**Student:** 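Below: one structure in structure tokens.
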Number of protein chains: 2
Amino acid sequence: MILSLDLDSEVPIYLQIRDRIVEAIASGELAEGSSLPSTRQLAVDLGINFHTVNKAYDLLRQEGLLRINRKSGALVQRDARTGPPEPGFTDEWETRLRTLLAEAVAHGVDHPAVLGSCAAVLTSFTPTAPTAQGADHGAEQGDSAS
Amino acid sequence: MILSLDLDSEVPIYLQIRDRIVEAIASGELAEGSSLPSTRQLAVDLGINFHTVNKAYDLLRQEGLLRINRKSGALVQRDARTGPPEPGFTDEWETRLRTLLAEAVAHGVDHPAVLGSCAAVLTSFTPTAPTAQGADHGAEQGDSAS
DNA sequence: GGTCTGTTCTATAAAAGCTAGAACAGACCG
DNA sequence: CGGTCTGTTCTAGCTTTTATAGAACAGACC
């Protein structure tokens with residue numbers, strides 16, 4: 001699990017870590033039960049303070065995506081296949097979705113284009129379709145600059 | 001233009017104002033050229049300081065959605081029909097979209113359901129679509145894989 | 001002239017955000 | 001046992017954000 005982050009970004013470091021892990025879970029790169037590096041280890045790899053990593057892990061734990069144990073460290077608790085989301089998640093999420101999509105529409109992106117972007121993002125989460133046998137165009141992503 | 005905001009929300013007031021205006025523009029409730037109430041007037045209506053409203057307006061101006069004039073006040077500059085977004089908008093927007101959709105997928109919402117939510121939100125932006133250009137049935141495509 | 005408008009200063013106070021140092025306790029291994 | 005890893009907790013400093021507020025200015029409008 002190598003993640004690259006931009007220290008010059010306006011997005012806080014701990015949020016970048018969280019976002020990357022969420023995307024890794026969504027794409028299946030991190031399956032349920034996968035173990036994440038320890039906060040101190042990841043902090044050393046990224047050259048940041050381990051509290052920052054801890055904050056990201058703790059946020060993911062509050063969101064129900066991680067299970068943190070003193071003995072086994074951080075494990076992925078949720079998965080795309082785990083089941084439906086906890087009650088209360090969808091409402092809050094759709095509110096944010098509404099605001100985000102409204103932004104695009106207001107800026108002149110027409111509805112089919114917006115929906116196309118959504119579909120493209122979702123497709124990027126499944127680089128290798130289970131039922132597909134034709135195109136195995138691997139998504140180029142492996143980038144580690146940290 | 002009546003907007004309700006939640007003073008107890010974690011979302012800052014000025015951001016709530018911005019979000020509501022963006023959604024109003026996306027839904028066509030506020031068309032290009034529409035005039036918004038003055039900062040002082042809206043502040044009185046909402047029971048808040050006019051600087052807070054000014055901050056929301058200024059943010060929308062920076063985003064290119066509002067044109068603020070000393071004589072005509074705040075006018076909606078952009079619209080769903082104005083044209084394609086400014087260069088640089090899409091990339092940053094798709095990054096946020098990716099993170100948001102990843103969140104839903106990681107929480108167990110399957111791809112068709114996510115796409116369905118997106119389509120539902122878009123549909124809610126067009127309660128009456130006389131100039132439909134295929135946005136209605138655009139949601140009908142199921143999952144993208146295979 | 002009076003009143004509205006946006007604009008621009010300064011200012012303050014509270015809150016949140018972010019990173020960090022230090023220490024503690026449990027777990028593991030040689 | 002001793003050393004080292006782990007997560008956890010407490011404290012702390014610093015910056016940024018948020019919201020409010022006052023004051024003043026200039027253009028527009030009736």
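Protein chains get the first letters and strands the later ones, always in sequence-line order, with residue 1 at the start of each. From a predicted model like this one, the values you see are computed outputs, not experimental measurements.
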**Student:** Are Leu7(A) and Val53(A) connected into the same hydrophobic cluster when the rule is that any two of I, L, V, M, F, W, Y join if their side-chain heavy atoms are below 4.5 Å apart?
**Tutor:** yes
**Student:** Looking at every heavy atom in both Gly64(B) and Arg78(B), which two are closest together, and how far apart are they?
**Tutor:** O-CG, 3.2 Å
**Student:** For the residue pair Phe125(B) and Leu101(A), what are the closest heavy atoms and their distance?
**Tutor:** CE1-C, 4.1 Å
**Student:** With under 30° as parallel and over 60° as perpendicular, where do the rings of Phe89(B) and His107(A) fit, or are they tilted in between?
**Tutor:** parallel
**Student:** Using a cut-off of less than 4.0 Å, is there contact between a side-chain N or O of Tyr14(A) and OP1 or OP2 of dC18(C)?
**Tutor:** yes
**Student:** Polar atom pairs between nucleotides 4-7 of chain D and protein, under 3.5 Å, N or O only, would you list them?
**Tutor:**
{"unit_1": "dT6(D)", "atom_1": "OP1", "unit_2": "Ser38(A)", "atom_2": "OG", "d": "2.3"}
{"unit_1": "dG7(D)", "atom_1": "OP2", "unit_2": "Thr39(A)", "atom_2": "N", "d": "3.4"}
{"unit_1": "dG7(D)", "atom_1": "OP2", "unit_2": "Thr39(A)", "atom_2": "OG1", "d": "3.0"}
{"unit_1": "dG7(D)", "atom_1": "N7", "unit_2": "Arg40(A)", "atom_2": "NH1", "d": "2.6"}
{"unit_1": "dG7(D)", "atom_1": "O6", "unit_2": "Arg40(A)", "atom_2": "NH2", "d": "3.0"}
{"unit_1": "dG7(D)", "atom_1": "N2", "unit_2": "Arg70(A)", "atom_2": "NH1", "d": "3.3"}
{"unit_1": "dG7(D)", "atom_1": "N3", "unit_2": "Arg70(A)", "atom_2": "NH1", "d": "3.4"}

**Student:** Taking CG from Leu42(B) and P from dA19(D), how many angstroms apart are they, rounded to a whole number?
**Tutor:** 14 Å
**Student:** With no angle test and no hydrogens, is the base of dT7(C) tied to the side chain of His51(B) by a donor-acceptor pair under 3.5 Å?
**Tutor:** no
**Student:** Could you please name the partner base of dC10(D), counting Watson-Crick and G-U wobble pairs only when both distances are under 3.5 Å?
**Tutor:** dG21(C)
**Student:** Figure out the CG/C1' separation between Asp58(B) and dA19(D), and round it to whole Å.
**Tutor:** 16 Å
**Student:** dA28(D) pairs with which nucleotide, Watson-Crick or G-U wobble, both distances below 3.5 Å?
**Tutor:** dT3(C)
**Student:** Only counting residues at least two apart or in another chain, list the ones meeting salt bridge (Lys or Arg N to Asp or Glu O under 4.0 Å) with Glu92(B).
**Tutor:** Arg96(B)
**Student:** With a 4.0 Å limit, can you tell me whether Asn49(B) has a side-chain N or O closer than that to the phosphate oxygens OP1/OP2 of dA21(D)?
**Tutor:** yes
